[in-house]
Number of protein chains: 2
Amino acid sequence: MPTIRDVAKMAGVSVATVSRVINQSGYVNTKTRAKVLHAMKHLNYKPSTVARGLAGKKMHFIALILPDISNPFFSELARAVEDVAQQHDFTVFLCNSDNDDNKEANYIEVLKKKNVDGLIISSNTFNEKDIESFRDDKIPVVILDRSIINEGYSIVRSKNREGARLAVHHLLEHGCRKIAHISGPQKTDTGRERLYGYEDVVKLFSWYDPTLIEEGQFQIEGSDIALQNLLRRHPDIDGIFAGNDLMALGVLKELRKQGLRVPTDIAVCGFDGIMLTKLTQPTITTVAQPIYQMGAKAAKMLVQKIRGEQTGSQLFEFEVKLIEGESTQRNHCKNS
Amino acid sequence: MPTIRDVAKMAGVSVATVSRVINQSGYVNTKTRAKVLHAMKHLNYKPSTVARGLAGKKMHFIALILPDISNPFFSELARAVEDVAQQHDFTVFLCNSDNDDNKEANYIEVLKKKNVDGLIISSNTFNEKDIESFRDDKIPVVILDRSIINEGYSIVRSKNREGARLAVHHLLEHGCRKIAHISGPQKTDTGRERLYGYEDVVKLFSWYDPTLIEEGQFQIEGSDIALQNLLRRHPDIDGIFAGNDLMALGVLKELRKQGLRVPTDIAVCGFDGIMLTKLTQPTITTVAQPIYQMGAKAAKMLVQKIRGEQTGSQLFEFEVKLIEGESTQRNHCKNS
DNA sequence: TTGAAAGCGGTACCAT
DNA sequence: ATGGTACCGCTTTCAA
């Protein structure tokens, strides 16, 4: 690999001059620039990001910490972040925390050593202390799909609580008289918010009982057990609001196994709006978040912060939208 | 951020000594080491990877180039690579090529500038020239899920052609008399291999005709059109081998729309073995690849190459396995 | 066993 | 408009 000195020598100028043309900074004669450019081309010179990094420049790295890249919601988020990052010449570190606190702590450490310029975190279990350490080092952080009350962070999320209310209302409007909820992990903000939204609506009814709630892991695995528990306690439920689409998928599967028909016997509504909800039989009603846009927005905000074009914290909350599928197409009470 | 000099000063030793204890290289007195260690702890010192990189050390970066992170097959691959990388203290750059040659070329360039230590590429459309340039720089490359004949690269993949034959045989055994194929993009090796496998089997039959093949994009989108085309040309097909599971999902969806029953009217078999095939109604028969293992193996090979523990090229080919789902459970000819 | 100093490949300030 | 040069933070001879 040729270095800047090679280029300087070949062009018959100083390294300072070459640096100037690379960075388009300072004055440099048109003819000189041409010579330098030519030399760079000829040698196939590529300035080392590492060296520039050491010399005080940005490395153009951003890190993306996710709980689980194999969840379609997060892989779509990742795709969006990656797209925007590349548009702005940033490379993204993929950090799969697997909901493991240790892994995450380890990442934080590594990322600091590697001079990341910014961080997007969308993980369930992170330690606020760790994040603070970034702020102390003036490294911008954007929090995605989580809602920390704490000031000083920029946040991108969608209206989880409101979305949950939408879901439950929808089930009610479609004739459900006893609605259970398989929640996300209660250690996650989104899991809690959606549970609150569910409670907001159902607590007004006489049939409501806390045992209508079962905690899931936002994954397909385990949602079958959760459903079994619910059915055991309440054989008469006729509607289920799942905390996310993956769990709704699992529920659909398990209901089928139990010989229950959807939506005739039990209606199902999910949350997220991943594409799979459109592929099942029946298709699944879900509260859709603008996933790609959320990821893209987070990445844009981060890039702006890194460039110093925008400081301070801000909250960006996306609207959610109920997408009607077949899994709730039963006898209506109203609105039809 | 404290630097090595701060540590040296605090411990009352030279930077060289501190460096030695960090790298566990050279001689250093036990007591001295203790002092240094203490100073490092006290200052919460984290050596800068960037600086070490400049000074000739590995950055502990590997890059993963994928065509589409939102395809579950690739997100699972990514998860595996990331897991193994983290175990070995490597960070992974996520590069989503989107099947776009320009994006990919751009990545190659960026990656070289950023001193990646190794590269795993699993993209459809890459330019061999670009990859060669890595080899010229002695940067290890592992090719995942692609089959380049070219010597000099290590490759991890599974038996695509054999798998395709398995699929078609399975369809035949389950009573199919006219089997169509929705292939992957023919510019991809996997797409071609699976097509060859299909042809290997069907060309022996009198009903076979090249118009039983329709090219898809390995995505849900477009598989509906492909199916429509096939049905128009051959209304009598009773079996479909889809080049991957995503397309099988799309096919299932479209068949339903067309009022055709699976497997009664038409049997369907996919390829990959992503989890979704187990969630549909009916579940989808598929030729499963050991996805996670493939990713993990590729990452392990790459790490070994980076460490110089293993040189030269090698081929690692995984076995595939037909997983029977409901989408082919129709009247059997034999084996039942 | 420890320290001094020369890089690694750039950037940026200060002269000229 | 260009060149000289002192860093950036760490590694690694080479001496002491």
Side-chain angles (χ1 to χ4, degrees), chain A residues 1-40 43-61 89 110-117 137-138, chain B residues 1-37 39-40 43-61 109-117 137-139:
Chain A
M1 286 252 96
T3 76
I4 194 173
R5 283 168 237 276
D6 299 327
V7 176
K9 189 168 301 174
M10 175 161 185
V13 298
S14 72
V15 294
T17 302
V18 177
S19 178
R20 281 188 207 101
V21 351
I22 293 173
N23 296 286
Q24 318 210 49
S25 66
Y27 297 96
V28 44
N29 187 310
T30 313
K31 286 197 97 167
T32 314
R33 174 198 310 293
K35 275 194 303 186
V36 171
L37 253 22
H38 177 265
M40 300 203 313
L43 295 169
N44 190 235
Y45 165 71
K46 301 189 194 315
S48 153
T49 308
V50 176
R52 328 181 69 194
L54 222 211
K57 291 286 197 181
K58 302 280 177 210
M59 298 288 285
H60 277 220
F61 291 152
D89 258 326
V110 170
L111 294 175
K112 302 196 74 161
K113 291 201 279 202
K114 296 200 177 174
N115 284 29
V116 293
D117 303 312
D137 291 338
K138 309 286 183 224
Chain B
M1 286 251 99
T3 75
I4 195 172
R5 280 171 241 276
D6 300 326
V7 176
K9 188 168 301 174
M10 176 162 184
V13 298
S14 73
V15 296
T17 302
V18 177
S19 178
R20 283 189 203 100
V21 351
I22 293 173
N23 296 288
Q24 318 211 49
S25 67
Y27 297 95
V28 43
N29 187 308
T30 313
K31 287 197 93 167
T32 314
R33 173 198 310 293
K35 273 193 304 187
V36 172
L37 252 22
M40 299 204 314
L43 293 169
N44 190 236
Y45 166 72
K46 301 189 194 317
S48 154
T49 309
V50 176
R52 330 181 68 194
L54 223 211
K57 290 287 198 183
K58 303 276 179 215
M59 299 287 285
H60 278 218
F61 290 151
E109 180 128 332
V110 170
L111 294 175
K112 302 196 75 160
K113 291 201 279 203
K114 296 199 177 176
N115 285 31
V116 292
D117 302 311
D137 293 338
K138 310 284 183 225
I139 297 172

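The structure presented is a predicted model; accordingly, all values stated were derived computationally and were not measured. We name chains A, B, ... by the order of the sequence lines, and we start the count at 1 in each one.
Checking the phosphate oxygens (OP1, OP2) of D/dT11, a side-chain nitrogen or oxygen of B/S19 falls inside 4.0 Å. Side-chain nitrogen and oxygen atoms of B/K57 include at least one within less than 4.0 Å of the OP1 or OP2 phosphate oxygen of D/dT12. For A/Y45, a side-chain nitrogen or oxygen approaches OP1 or OP2 of C/dG10 to under 4.0 Å. For B/S14 and C/dG3, the shortest distance from a side-chain N or O to OP1 or OP2 is below 4.0 Å.
Whole-Å rounding puts the A/I4 CD1 to D/dG4 P distance at 14 Å. Between A/R52 atom CZ and D/dC7 atom C1' there is a gap of 17 Å when expressed in whole angstrom units. The nearest whole Å value for the distance from the NZ atom in A/K114 to the C1' atom in D/dC8 is 19 Å. Atoms CE (A/M40) and C1' (C/dG9) sit 15 Å apart, rounded to a whole Å. Remark: P of D/dT2 and CG of A/N29 are 4 Å apart, rounded to the nearest angstrom. Rounded to a whole Å, the CD atom of A/Q24 is 12 Å from the P atom of C/dT11. Atom-to-atom, CG of A/N23 to P of D/dT2 comes out at 16 Å; the value is rounded to the nearest Å. Whole-Å rounding puts the A/D6 CG to C/dG10 C1' distance at 13 Å.
Closest contact between the side chain of B/A16 and the listed nucleotides C/dG9, C/dA5, D/dA1 involves C/dA5. Side-chain proximity of A/R20 to D/dC10, C/dC13, C/dG9: nearest is C/dC13.
For a distance-only test at 3.5 Å, the side chain of B/R5 qualifies as a donor-acceptor partner of the base of D/dG9.
Between A/V7 and A/Y45, the closest heavy-atom pair is CG2-CG, 3.6 Å. Between A/A8 and A/V15 the shortest heavy-atom distance is CB-N, 3.8 Å. The nearest pair of heavy atoms linking B/K114 to B/F61 is O-CD1, 3.8 Å.
Nearest-nucleotide positions on DNA chain C place B/T17 closer to the 5' end than the other of B/T17 and B/A55. Comparing A/V28 and B/V15, the nucleotide of DNA chain D nearest to each residue sits closer to the 5' end for A/V28.
Backbone-only engagement by A/V13 is indicated by non-hydrogen atom pairs under 4.0 Å involving sugar-phosphate atoms exclusively. In this structure, B/T3 reaches the sugar-phosphate backbone alone: every heavy-atom distance under 4.0 Å involves primed, P, OP1 or OP2 atoms, never a base.
Between A/N29 and A/R33, every side-chain heavy-atom pair lies at or beyond the 4.5 Å cut-off.
Between atom CG of residue A/N115 and atom NZ of residue A/K113 there is a gap of 12.0 Å, rounded to the nearest 0.5 Å.
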